[in-house]
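One structure below.
Please read all numbers here as calculations on a predicted model, not as lab measurements. Index from 1, following the sequence.
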Amino acid sequence: MTLQPILHYAHSLMENVITDGDIAVDATCGNGHDTLFLTGLVGEKGHVYGFDVQEQAITKTEERLKKHLVEERVTLVQDSHSQLTKYISPVHQSQIKGAIFNLGYLPGSDKTIVTKPAETISSIEQLLSFLPQGGMIVLVIYYGHAGGKEEKDALTEYVSSLDQKSFRVLQYGFINQRNTPPFIIAIEKT
């Protein structure tokens with residue numbers, strides 16, 4: 001077995017959970033790579049909700065989806081992922097099988113616009129209440145920026161406190177890399 005790079009492993013986890021017809025959430029669209037990836041998992045019968053606070057991220061994601069002819073599978077929302085209950089229909093809330101977050105800032109943009117611990121934890125709590133048994137949230141945590149360590153510490157503390165009877169929490173990362181390498185926290189509802 002070969003150890004997978006962080007983003008490949010995040011996608012492998014999603015592949016094991018999300019299937020054709022499911023509902024998925026990309027909580028941080030960024031440049032649209034994860035949103036596009038999720039459209040392939042949910043197929044024509046499923047749906048993806050993509051969130052980002054930056055107009056640039058929504059525009060790039062929309063362009064990527066149109067290029068691949070899958071824009072009809074996605075609802076894009078320019079707002080914080082902490083507001084997901086406001087945008088995801090109650091019917092779809094009960095069908096969410098997985099969600100992915102890439103925390104930090106949008107590559108190639110203003111590095112002062114970053115994800116915030118309170119908003120991220122609020123999103124996680126909402127999603128955990130929707131997920132069925134076997135559903136999963138994957139957090140890819142980039143923390144080498146202003147505010148990143150605080151978010152990493154808050155999230156690590158929060159997920160460590162989740163009841164082990166209801167959730168399994170995995171941490172995956174490479175510990176011999178320089179410059180605050182990203183790592184994954186995956187939360188599976190049991």
Side-chain angles (χ1 to χ4, degrees), residues 10 13-14 17-18 22-32 34-35 38 42 47-58 61 74-106 109-173 182-190:
L13 290 167
M14 290 285 92
V17 174
I18 300 170
D22 286 338
I23 305 300
V25 175
D26 182 355
T28 51
C29 289
N31 289 309
D34 287 338
T35 313
L38 291 172
V42 302
H47 200 76
V48 176
Y49 286 86
F51 292 83
D52 209 292
V53 295
Q54 295 186 69
E55 182 179 358
Q56 175 185 350
I58 296 296
T61 300
V74 180
T75 299
L76 293 174
V77 178
Q78 186 181 341
D79 201 350
S80 169
H81 46 70
S82 67
Q83 301 298 312
L84 58 89
T85 305
K86 187 161 103 175
Y87 297 100
I88 301 175
S89 74
V91 171
H92 279 176
Q93 288 174 16
S94 66
Q95 297 173 4
I96 295 172
K97 287 289 287 295
I100 190 165
F101 293 68
N102 273 285
L103 301 173
Y105 59 86
L106 175 64
S109 73
D110 183 349
K111 293 181 181 181
T112 64
I113 302 173
V114 296
T115 53
K116 308 275 191 234
E119 291 182 2
T120 302
I121 290 170
S122 172
S123 301
I124 293 168
E125 288 174 336
Q126 291 171 62
L127 288 164
L128 290 177
S129 72
F130 303 148
L131 288 180
Q133 184 176 3
M136 184 178 294
I137 299 170
V138 174
L139 309 165
V140 182
I141 301 175
Y142 295 87
Y143 61 100
H145 60 279
K149 183 181 182 315
E150 291 78 13
E151 183 170 46
K152 172 186 80 82
D153 292 346
L155 288 170
T156 302
E157 181 180 338
Y158 171 75
V159 300
S160 296
S161 72
L162 291 173
D163 184 353
Q164 69 179 6
K165 293 176 185 169
S166 301
F167 304 100
R168 295 190 318 165
V169 180
L170 166 81
Q171 183 172 333
Y172 178 88
F183 65 97
I184 290 173
I185 291 178
I187 308 165
E188 180 185 29
K189 194 167 189 176
T190 56

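- Not counting sequence neighbours, the partners of Thr75 by the side-chain hydrogen bond (donor to acceptor under 3.5 Å, both in side chains) test are His47.
- Considering every non-hydrogen atom in both Ser80 and Phe51, the closest pair reads O-CD2, 4.0 Å.
- A donor-acceptor pair under 3.5 Å is formed between the side chain of Thr28 and the backbone N or O of Asn102.
- Atom OG of residue Ser82 and atom CG of residue Leu84 lie 7.5 Å apart, to the nearest 0.5 angstrom.
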> What do the steps show when you test Ile121 against Glu125 for side chain to side chain contact (heavy atoms under 4.5 Å, CB included), and what is the final call?
Replying inline: CA-CA 6 Å; Ile121 290 170; Glu125 288 174 336; 4.0 Å; yes
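- When atom types are taken as modelled, the side chain of Glu151 and the backbone of Tyr143 share no donor-acceptor pair closer than 3.5 angstrom.
- The distance from the CD1 atom of Ile23 to the CG atom of Leu38 is 11.5 Å, given to the nearest 0.5 Å.
- The distance from atom CD1 of Ile137 to atom CE of Met14, rounded to the nearest 0.5 Å, is 8.5 Å.
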>> For a side chain to side chain contact (heavy atoms under 4.5 Å, CB included) check, start with the C-alpha distance between Lys86 and Asp79, then their side-chain angles and the critical distance, and finish with the verdict.
In response: CA-CA 10 Å; Lys86 187 161 103 175; Asp79 201 350; 4.0 Å; yes
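- A pairwise comparison of heavy atoms in Gly50 and Val74 identifies N-CG1, 4.5 Å as the closest pair.
- Within a 6.0 Å radius of CD in Glu157, no more than 12 heavy atoms belonging to other residues, nucleotides or ligands are found.
- To the nearest 0.5 Å, the span separating CD on Glu188 from OG1 on Thr190 amounts to 7.0 Å.
- Residues Tyr158 and Ile185 fail the side-chain proximity criterion, which asks for heavy atoms closer than 4.5 Å.
- Nearest heavy atom pair, residue Ile184 against residue Ala10, reads CD1-N, 3.5 Å.
- Gln126 and Ser122 are linked by a side-chain donor-acceptor pair at a separation below 3.5 angstrom, with hydrogens and angles left out of the test.
- Note that CD of Gln78 is 11.0 Å distant from CD of Gln56, once rounded to the nearest 0.5 Å.
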> Can Ile124 and Leu155 be said to form a side chain to side chain contact (heavy atoms under 4.5 Å, CB included), step by step?
Replying inline: CA-CA 10 Å; Ile124 293 168; Leu155 288 170; 3.7 Å; yes
>> What verdict does the side chain to side chain contact (heavy atoms under 4.5 Å, CB included) test give for Leu128 and Lys189, after you've listed the backbone C-alpha separation in whole Å, the side-chain angles of each residue and the deciding distance to 0.1 Å?
In response: CA-CA 7 Å; Leu128 290 177; Lys189 194 167 189 176; 5.5 Å; no
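- The CG atom of Leu131 sits 8.0 Å away from atom CZ of Phe167, with the distance rounded to the nearest 0.5 Å.
- Sequence neighbours left out, the pairs with a member in residues 89-105 that pass salt bridge (Lys or Arg N to Asp or Glu O under 4.0 Å) are Asp22-Lys97.
- Panel note: side chain Thr115, backbone Gly104; a donor-acceptor pair is recorded below 3.5 Å.
- The minimum heavy-atom distance between Thr61 and Gly30, with the atom names listed, is OG1-O, 3.4 Å.
- Here the shortest heavy-atom pairing between Asp26 and Val48 reads N-CG1, 4.4 Å.
- The shortest non-hydrogen separation linking Asp153 to Lys149 is OD2-NZ, 2.7 Å.
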